[in-house]
Amino acid sequence: MEDNTTASPAANVVETKEGAISVASAFAGFQQAVQDRDHKFLTKAVEEAYKGVEGGDGGPFGAVVVRNDEVVVSCHNMVLRNTDPTAHAEVTAIREACRKLSQIDLSDCEIYASCEPCPMCFGAIHLSRVKRLVYGAKAEAAIAIGFDDFIADALRGTSIYQKAHLEIKKADGSGAVIAEQVFEKTKAKFPLY
């Protein structure tokens, strides 16, 4: 098979059977297509944020799970509606996507979040193995109106906005031993991990 493709490094041009194309313009076109696609799904996440606030469901956060350029689920924060402090938009979207797809591995999916995920949501995104995260607003935008989910800072007592009123202690003695044994005794049931 003959390869009729030659590259001219000085001009960043690739010669093909069909003619010459600029590598830079082809890449720019690809970048624009990705940016347009991201904008479309991020807009859907922002619409969900407004929908959640208007419905009294929770804070102004939305998330969309996408697979193969199709929306799997579109969700918003449900903390107030569900009386559940873990019902953030991203966690809700991941839960619903897993149910809808009947799987816990979302490695063939992307998630679009209206705002930078808090540590809990990022943990859920990581554990679900989502392959790509795109978010809109920085966390500081949410913090500026009273949302403070910087859990690590709160637990360390270094947060400007929020201090944890929680005592944290690792068990010792037989409590620690029996809690650690559960992993050894059940590991054969989890070959996935």
Side-chain angles (χ1 to χ4, degrees), residues 33-53 55-139 142 147-155 164 166 168 170-171 175-193:
V34 169
Q35 186 176 356
D36 291 347
R37 181 179 173 281
D38 287 350
H39 180 77
K40 177 176 95 172
F41 293 124
L42 192 55
T43 298
K44 182 87 172 141
V46 170
E47 288 169 358
E48 277 291 336
Y50 281 116
K51 182 178 168 184
V53 171
D57 294 335
F61 304 96
V64 176
V65 174
V66 174
R67 182 169 77 169
N68 300 326
D69 286 336
E70 296 290 327
V71 172
V72 176
V73 295
S74 183
C75 300
H76 54 265
N77 183 292
M78 298 290 286
V79 168
L80 299 175
R81 168 68 53 105
N82 294 350
T83 318
D84 178 358
T86 70
H88 290 197
E90 299 90 336
V91 171
T92 300
I94 288 167
R95 288 173 180 161
E96 288 192 22
C98 288
R99 263 194 297 278
K100 186 173 182 180
L101 299 172
S102 299
Q103 61 189 48
I104 61 169
D105 182 342
L106 300 179
S107 60
D108 58 347
C109 296
E110 301 166 276
I111 191 164
Y112 290 80
S114 63
C115 186
E116 182 177 4
C118 74
M120 177 187 70
C121 291
F122 183 77
I125 290 165
H126 174 75
L127 290 172
S128 68
R129 293 174 170 72
V130 167
K131 68 179 176 180
R132 185 168 183 257
L133 159 67
V134 176
Y135 68 89
K138 292 182 73 67
F147 291 93
D148 183 13
D149 289 325
F150 286 95
I151 296 165
D153 284 345
L155 292 177
L166 168 70
I168 301 173
K170 184 194 176 304
V177 172
I178 62 169
E180 290 174 6
Q181 286 174 344
V182 72
F183 296 104
E184 186 62 34
K185 291 181 178 181
T186 63
K187 70 181 178 184
K189 295 186 184 285
F190 299 97
L192 174 69
Y193 302 102

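All values below were derived from every heavy atom in this structure, side-chain atoms included, with hydrogens, water molecules and symmetry-related copies excluded.
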Check: Phe41 pairs by side chain to side chain contact (heavy atoms under 4.5 Å, CB included) with which of Val134, Val66, Ile111?
Finding: Val66
Item checked: Exercise: identify the closest heavy-atom pair between Lys187 and Glu184 -> NZ-OE2, 2.9 Å
Item checked: Main-chain N/O of Ser107 paired to Asp105 side chain as donor or acceptor, under 3.5 Å -> yes
Checklist line | Taking every non-hydrogen atom, the tightest pair across Cys121 and Val91 | finding: SG-CG2, 4.0 Å
Checklist line | Min side-chain heavy-atom separation Glu90-Leu133 under 4.5 Å | finding: no
Check: Hey, what do you get for NZ (Lys185) to CD1 (Ile178), rounding to the nearest 0.5 Å?
Finding: 9.0 Å
Check: Can you tell me how far NE2 of His88 sits from SG of Cys75, rounded to the nearest 0.5 angstrom?
Finding: 14.0 Å
Next item on the list: Supply the atom-to-atom distance Thr83 OG1 to Met78 CE, rounded to the nearest 0.5 angstrom.
Entry: 10.0 Å
Checklist line | Closest non-hydrogen atom pair between Gly59 and Val53, with its separation | finding: C-CG2, 3.9 Å
Check: Arg37 versus Glu110: any side-chain heavy-atom pair under 4.5 Å?
Finding: yes
Next item on the list: For residues Cys115 and Phe61, report the shortest heavy-atom separation together with the two atoms involved.
Entry: CB-CD2, 3.8 Å
Next item on the list: Search all heavy atoms of Ala97 against all heavy atoms of Val65 and return the closest pair with its distance.
Entry: CB-CG1, 3.9 Å
Check: Mind checking what makes salt bridge (Lys or Arg N to Asp or Glu O under 4.0 Å) contact with Lys51, not counting sequence neighbours?
Finding: Glu48
Check: Rounded to the nearest 0.5 Å, how far does CG of Leu42 lie from CD of Glu47?
Finding: 10.0 Å
Checklist line | No-hydrogen, no-angle side-chain donor-acceptor test under 3.5 Å, Thr92 and Arg81 | finding: no
Item checked: Residue that, paired with Tyr112, satisfies side-chain hydrogen bond (donor to acceptor under 3.5 Å, both in side chains) out of Arg132, Lys40, Lys44 -> Arg132
Notebook entry, point to check: Heavy atoms, side chains only, cut-off 4.5 Å: are Val34 and Asp38 in contact?
Noted result: yes
Note to self: Within this structure, what is the CG-CG distance for the pair Asp84 and Asn77, rounded to the nearest 0.5 Å?
What the structure shows: 9.5 Å
Checklist line | Least distance between heavy atoms, Leu101 atom then Cys109 atom | finding: CD1-SG, 4.0 Å
Item checked: Validation row: Leu106, Arg129 side chains within 4.5 angstrom (heavy atoms) -> no
